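Bear in mind the structure is a predicted one, so any value in this text is a computation, not a measurement. Letters go in sequence order (proteins before strands), and every chain restarts at 1.
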Protein chains: 2
Amino acid sequence: MSTETTIYLNLRQRLTSGGFPHGEKLRPEILRKEFNCSANTIREALLRLSTVGLVEFQEQRGFRVPELSDSLQHELTHMRILLECEGACLSIRQGGVAWEARLSAAHHKLSHIESRVRLSGGEVGPLITLWSTAEQEFHETLIDGCGLDVLRQTHLVVYHRFRQQLITSDREFIYIPENIEQHKMILDAALDRDEDAVRERIQDHLSRNLMHPLPIATASKKPLAKSIANLAT
Amino acid sequence: MSTETTIYLNLRQRLTSGGFPHGEKLRPEILRKEFNCSANTIREALLRLSTVGLVEFQEQRGFRVPELSDSLQHELTHMRILLECEGACLSIRQGGVAWEARLSAAHHKLSHIESRVRLSGGEVGPLITLWSTAEQEFHETLIDGCGLDVLRQTHLVVYHRFRQQLITSDREFIYIPENIEQHKMILDAALDRDEDAVRERIQDHLSRNLMHPLPIATASKKPLAKSIANLAT
DNA sequence: TATTTGCAAAATCTCAAAATTTCAGGAATG
DNA sequence: CATTCCTGAAATTTTGAGATTTTGCAAATA
């Protein structure tokens, strides 16, 4: 038996890792049998997922996995750049050594997996889950020292949708060498406390899979919230 | 009788306009009678509201209106500055005359209501609903020409939570004259296409009620997404 | 007096079925 | 031939009740 929140998390995991084809209808009756629960419980989970954009909901017409969309992919990338640049710069200012250590650790794990992928000739295969998790953890840690819960929560929502959009287009898994190099460069810039370099490298890294490069409005100098973090104690 | 989405929207409206005291428990049984529907339908609406942060949900312990929190207030203000600055600068670049016209119109309405408030000696009273709506519309229009749906959606979620936090502390309704002046200055800077001025004035305006002023990381030069908007056609 | 224990009342969560709405395809109409 | 209308089937949404868990409060203990 599964509780409502368990089902919500399980479905979210599958939606962000290619468990459902884009555009597919999500029928409560089917999922009900799979989770061995009531149709109502499924409905509650799907409604929650719809408020964060991972499923589309239409009254009296049920639930659907969002279609692939280049423009949505671009929008989500734009949002990631905006949020990760801000979060990373604030982390540099306020995260302290503890944050630097966490980021180093996250990069080390990611780098290890990336190497294994490269050694197997770019074949991701069974490492894909490990890699996905490590990459998400690196990017989350990057903004983890900023002291702003809302920023982290918002980023996570955006990131999930980004992953959902990326998953079958599998562009993510093309430029392995560049990927490894870019993660390293972001780490170095962060440890150097060089905010401008961090911004630039995050932007390069995130827009690497887009058809058209992105001119950025927010690549700027001063982050926003030293005083906020002090308050948030 | 009410449908699920109707209930969701109705509750959201009340949650963002002081309809429930902070920290109050939201009992499905009570709401059930009010909407004349089943407890389950209420539960679905409350679960959805919990995913956007307007109600807190704990398993087996029901639903609660979030408590007032200075640090949350600061975080939400920070997010608003980040999103509105980016959205406004992109709008300046891509909104065209149509956007400028919409912004002018929104400001005109807001300005009219603000004047009426000032004339009645700062007593907001029955105008509060009109004023709230007009202010929200102005700030939404400000970022409305940016061409990024995700940015608008994200901003709306943040804005709702901001309003919920602000509502009973009613600091919003203190500095009427400054408020009027600040809206005008944002409008002027936008029509002048002066991005730096827009950023600065948005930041001043949004942080006006905070105890401590906010140093900003993202107050920068170049927005991000000309190419995105072109794609999004 | 302060803390813990136990029980009853109330609330939450899940379920299966009824009520409502949409969908697909064939017949009737222009 | 294209369009509209109808009808049965399938899917969605709501309901009310049962099972489980939490909460409030008084009694007991230290």
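Direction of the helix axis in the helix from C/dT1-D/dA30 to C/dG30-D/dC1 shifts by 30° between the two five-pair termini, rounded to 10°.
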Sort me out a list of protein N/O and nucleotides 16-18 of chain D N/O pairs below 3.5 Å, or just none if empty.
{"unit_1": "D/dG16", "atom_1": "O6", "unit_2": "B/N40", "atom_2": "ND2", "d": "3.3"}

Listed pairs, N/O of protein and of nucleotides 6-12 of chain D, under 3.5 Å:
{"unit_1": "D/dT12", "atom_1": "OP1", "unit_2": "A/K25", "atom_2": "NZ", "d": "3.1"}

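Both tests pass for A/R80 against the ring of A/F162: distance under 6.0 Å to the centre and angle within 45° of the axis.
Ionic pairing of B/E44 and A/R43 is present here: one or more N-O contacts between side-chain nitrogen and carboxylate oxygen are shorter than 4.0 angstrom. Salt bridge annotation for A/R152-A/E140: absent, with no cationic side-chain nitrogen under 4.0 angstrom from a carboxylate oxygen.
Aromatic pair B/H155/B/H160: ring centres not closer than 6.0 Å.
A side-chain N or O of A/S71 and one of A/S69 form a donor-acceptor pair less than 3.5 Å apart. A donor-acceptor pair shorter than 3.5 Å cannot be found between the side chains of A/Q164 and A/T16.
Ring orientation note: the planes of B/F138 and B/H183 are nearly perpendicular, at an angle over 60° on the 30°/60° scale.
Within the structure, a side-chain polar atom (N or O) of B/T3 is placed less than 4.0 Å from OP1 or OP2 of D/dT14. Listed pair A/T41 / C/dC13 fails the phosphate criterion, with no side-chain N or O lying under 4.0 Å from OP1 or OP2.
To the nearest 0.5 Å, the span separating OG on B/S50 from CZ on A/R48 amounts to 5.0 Å.
Between the CZ atom of A/F35 and the P atom of C/dT14 there is a distance of 13 Å, rounded to whole Å.
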